[in-house]
Structure formats: C-alpha cells, structure tokens
Number of protein chains: 2
Amino acid sequence: MSPKTGRRSRQGLESRLRIIEATFEIAAELGYAGTSIGKVSERSGLPASSVYWHFANKDELFAEVIQHSFDEWNASFADPVPPADQREQPDILRQNCRHLVASISSSPEFWRLGLMLALECQAVEPTARRRFLEIRRVVLERLADFWRAALPPPSQRQNPELPGRLARFTMATSDGIFVAAQAEGGGDLEALAELLADSLEALACRHG
Amino acid sequence: MSPKTGRRSRQGLESRLRIIEATFEIAAELGYAGTSIGKVSERSGLPASSVYWHFANKDELFAEVIQHSFDEWNASFADPVPPADQREQPDILRQNCRHLVASISSSPEFWRLGLMLALECQAVEPTARRRFLEIRRVVLERLADFWRAALPPPSQRQNPELPGRLARFTMATSDGIFVAAQAEGGGDLEALAELLADSLEALACRHG
DNA sequence: ATTATCTATAGATCTATAGATAATGC
DNA sequence: ATTATCTATAGATCTATAGATAATGC
C-alpha cells in the first residue's frame, strides 16, 4: 500500500539511516564543528554527494540526527516503579534513583551529543539548534514525569515545584557525570553514578 | 636587568597575550575544532603568521591557553572559612557551600573551556590534551583541599575518602550546571547554583 | 644580530553543486 | 518518470610556511 515498500526505496532509507548513524557517532566525539561531511562520507561508505541528496545541508542533517537519537533514547527510557505502600517508600525512592541513573547511562551517546551541542551553541546552526532545544525541553518534561510518579504524593502537594526542580537537577548532574567519565577515561562512571543516586535521594528526602 | 624589559620585547609579550585571550574567548564558545587560526587572527587583530611566530602550532597554542586560563582561575579561587566552633558548624558548612559555588561561577569561561575540551577529547591534539588533563587533576586537588578545610575533622577521621569524593562530586555538578545555564540562556544559573549548594550540603552532612 | 610583524601563498580540507549513470515504478 | 548513487569539481576556508620588512639590542 505504502509507496515506499519497493527494494529501491528501501535501500534509500537504509542509506539515509547509515548516514544518520555515522554522523551521530562522529558528532558525539567531535561535536558539530568537528564533524565534516567528508568524515561522514568515509564512515558511512557513501559519497559526500549522497549525503546532500538525503539532506539539504549540514544543518538539516544534524537536526535529523538529534531527532533520531532522541527517539531511540526515549523508547528505552523506563518509567519508575510508583510508590505503593507508605512504609516501603524510602526503599522504593532509593531504588528508583538507581533505576533512573542506570537508564540515563545506558545510552551515553545521546547524552554526549546533547552536551556537545549545548556547549557549542554558537557553532550549531539554526535548524539543528532549534530542534536540540525542543528535545532538551521534552527530556526535562520526561524527567519531571519520572519524579511525579516516584515521589510520595503528600510531599508533592506540599511542594508542587519539587518534581520540576529535581528534573533539572537530575539533568545537570547527569551531564556532569558524563563529562567526568569522559575526562577520566570512563572507569569511574559507576562510582559517580552511585554518588549521583545518593545525592538525588538526599535531595528528594530533604525536600520531600 | 631582565633581558625582556625593552619596548619591543614588551610589545611582543602583549601580542602573545592578545592571541591567547582571543583564542580563549573563541574556544570557550566553539571548542577546539571550531576555533580556527583565521578567527583568532581576526579577533586579535594580528595576522595568522604572527600566531605561528608566537606558537609552534594550534596544539601548542591551546596548551598555553589552557595554562593561562587555569592560572587566572586558580588565583581568584578563595579558600574556605575553616570550622572554628563545634556548634556553628552546620551554618559554616552551608556558608562554605555557597562560597564555593560562587567562586566557581565567577570565572565561567574557564569552566566552559574545560567542558568543551573534556568532551571533544578525540579532536584535541596531544599537547593541549595532556596539559588539560593535568590541570583537571590540579583543580580536583584544589577542591579536595577545600573540603578538607571545610569539613569537621571528626567526620574526616571517620571517612578519610570524603573530601576526595566531594571534590569529584563538586566538579561533576558544577559542570552540569554550566551546561544547563548555557542551554537555557543563563537566566537560571542562580537557581541551579542554589540547588547545587543544597545538594553538596546534604551530601556533606549525610556522609560527615 | 635579534625580535617581531607583514604580505603572499602552498597544499589540504571543507561545504555544496552539476551533471552523468543506473536501477525501480508505472 | 522517479529515485538514488556516482564522478568531478567549484570556491571557500584551513593549517602552516617562506621570505621581505622594520624596529630594537649590542
């Protein structure tokens, strides 16, 4: 039924995806400015002109790369276990903190790309930049949802801004942990993630 | 006495400094890959060949830029008020947390540059990269010193690793806050800094 | 003689396009 | 006729150097 089921069209979509994935891998390490169409062409195995057949320019290529990596992350991001019983709440909260940290560090490439683009804002061109900022807002919303589900309702009634603030803190601290893991070779990612879970828990309990 | 006091030599040092500062400003926004000698030349007002007279290549230019920005940050970084009295400790700890956050956010350019280079590690060439990693270790040591002075001695005897862990957490969280401030336009830097101070305090108290 | 700057340019790489070629859809 | 890929290349920008020029130091 769909006009896009022929062999030729399918191969076109596959090439498009290969270009997106190649760009994604390079950009997560080198950023927007460091990612050239030549490198993308080399890694994807397609000539540079094929990149321009699938995407209008570097700006739009990046906009699609951002969208694609977000879609993948979003699909793998799990919801928290809601607090069921009043008594076991501290345990569930602690468990959900670990759970959240694990979920974030399971797709580090997406976060690395976001970090690069956030910092390189002057270098990133308009379309890609707009898309990135939209996605960042959606991720924050997703994190706030997590906290709304994970925090005990009474503490939210008392302080309605708490999930939003914790969401921003979660994002900021996760960012910092990825930077540290990157700078130190990645061996200590777990120890820092542990520390993040601790501090999220400490903050959530204190304000909750 | 010094052979470097003549007008000519002094002007040479001034040009060198102008190149370093121009590179620093551009690199904090665009990263290593996005900073071209052409842009440095334009912003500093000196021709590209002058850049290569003062520095062997882009790699060494960046090594010097990193060193210079660290020296400035290090000089402006203040020591904590040590805990004097047993009773007023919580207040002093809280005060020192604010103090630390303020000190870090007073020279954001240094942190921004460090963030860019940490993430772009594949793009940054050997000399600059080695210098950057050294400096990062020194900064961590400086933060650990801060916590050794700021935390009450008994809690340190009980948990000797605490200052080091808090130092790494301080660095990670500061990094995250700069990313957030950058992505969101900078208006909310203060609110996040507040949140960071809160969490440092919560962690320090809990583990202390 | 040394130090610093300038003009000019080599050679590599970058973004992007033109236009030929080949495979599918109708 | 449409979709996708290829070769080839234009024109800009990039890192880096050669070599002339001018100001200081001795």
Side-chain angles (χ1 to χ4, degrees), chain A residues 1-23 26-27 30-65 120 122-129, chain B residues 1-20 22-23 26-27 29-65 120 122-129:
Chain A
M1 310 300 165
S2 161
K4 296 269 181 181
T5 44
R7 192 195 304 169
R8 189 74 183 157
S9 294
R10 200 168 54 240
Q11 208 203 328
L13 288 178
E14 270 169 29
S15 292
R16 190 188 139 94
L17 190 61
R18 253 168 57 210
I19 291 166
I20 286 180
E21 283 170 351
T23 309
I26 298 167
L30 304 181
Y32 186 93
T35 302
S36 70
I37 305 297
K39 288 191 190 112
V40 170
S41 163
E42 193 184 10
R43 184 174 296 213
S44 69
L46 290 161
S49 54
S50 285
V51 176
Y52 284 98
W53 191 87
H54 288 282
F55 306 93
N57 50 38
K58 189 176 168 181
D59 189 17
E60 283 201 9
L61 167 59
F62 265 78
E64 295 298 302
V65 167
E120 264 189 316
Q122 294 275 29
V124 182
E125 290 170 88
T127 309
R129 179 160 166 68
Chain B
M1 308 300 167
S2 160
K4 295 269 180 179
T5 43
R7 192 194 304 168
R8 189 72 181 160
S9 295
R10 199 167 53 240
Q11 207 203 329
L13 288 179
E14 270 169 28
S15 293
R16 190 188 139 92
L17 191 60
R18 252 168 56 209
I19 292 166
I20 286 181
T23 309
I26 298 167
E29 290 185 347
L30 304 180
Y32 186 91
T35 303
S36 71
I37 305 297
K39 287 191 191 112
V40 170
S41 163
E42 193 184 9
R43 185 174 294 212
S44 69
L46 289 160
S49 55
S50 284
V51 175
Y52 284 98
W53 192 88
H54 287 282
F55 306 94
N57 49 39
K58 189 176 167 179
D59 189 16
E60 284 202 8
L61 166 61
F62 265 78
E64 295 298 302
V65 166
E120 262 190 316
Q122 294 275 30
V124 182
E125 290 171 87
T127 309
R129 179 160 166 66

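Each chain gets a letter, A, B and so on, in the order its sequence line appears, and its residues count up from 1. Because only heavy atoms are used, hydrogens play no part in the values below, and waters and symmetry mates are left out as well, while side chains stay in. Everything numeric here is computed off the predicted structure, so don't read it as measured data.
- The distance between atom CZ of B:R16 and atom C1' of C:dT3, rounded to the nearest whole Å, is 14 Å.
- A:I37 has its CD1 atom 20 Å from the P atom of D:dA10, to the nearest Å.
- For C:dT5, the OP1/OP2 oxygens have a side-chain nitrogen or oxygen of B:S15 closer than 4.0 Å.
- Considering A:V65, A:T23, A:V40, A:L61 as possible partners of A:F55, the one that fulfils the side-chain contact (heavy atoms from CB on, under 4.5 Å) test is A:L61.
- We find that CZ of B:R18 is positioned 12 Å from C1' of C:dT5, with the value rounded to whole Å.
- Closest heavy-atom contact between A:A48 and A:S41: N-OG, 3.5 Å.
- For the pair A:E60 CD and C:dA16 P, the interatomic distance rounds to 10 Å; values are reported in whole Å.
- The stretch residues 42-57 of chain B comes close to DNA chain C through B:L46, B:P47, B:S49, B:S50, B:W53, B:H54, each having a heavy atom under 4.0 Å from the strand.
- Taking atom CG of residue B:L30 and atom C1' of nucleotide D:dC14, one finds them 15 Å apart after rounding to whole Å.
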Only Watson-Crick and G-U wobble pairs with both distances less than 3.5 Å should count. Give DNA chain C in dot-bracket notation, marking inter-strand partners with |.
||||||||||||||||||||||||..
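- Within the 4.0 angstrom heavy-atom criterion, only backbone atoms of the sugar-phosphate kind lie near A:T35; the bases stay farther away.
- Nucleotide C:dT15 holds its P atom 9 Å from the CZ atom of A:F62, rounded to whole Å.
- Within the structure, salt bridge (charged side-chain N to carboxylate O under 4.0 Å, His left out) pairs that include any residue of residues 40-57 of chain B comprise B:E25-B:R43 (at least two apart or interchain).
- With sequence neighbours left out, the side-chain hydrogen bond (donor to acceptor under 3.5 Å, both in side chains) criterion links A:E125 to A:Y32.
- Here the closest heavy-atom approach between residue B:L46 and residue B:R18 is recorded as CG-NH2, 4.0 Å.
- Qualifying side-chain hydrogen bond (donor to acceptor under 3.5 Å, both in side chains) partners for B:R16, counting only residues two or more places apart in sequence or in other chains: B:E64.
- In terms of heavy-atom proximity, A:F62 sits nearest to A:G31 at CZ-O, 4.5 Å.
- Distance CD1/B:I26 to NZ/B:K39: 7.5 Å, rounded to 0.5 Å.
- Residue pairs meeting the salt bridge (charged side-chain N to carboxylate O under 4.0 Å, His left out) criterion with at least one partner in residues 51-63 of chain A, sequence neighbours excluded, are absent.
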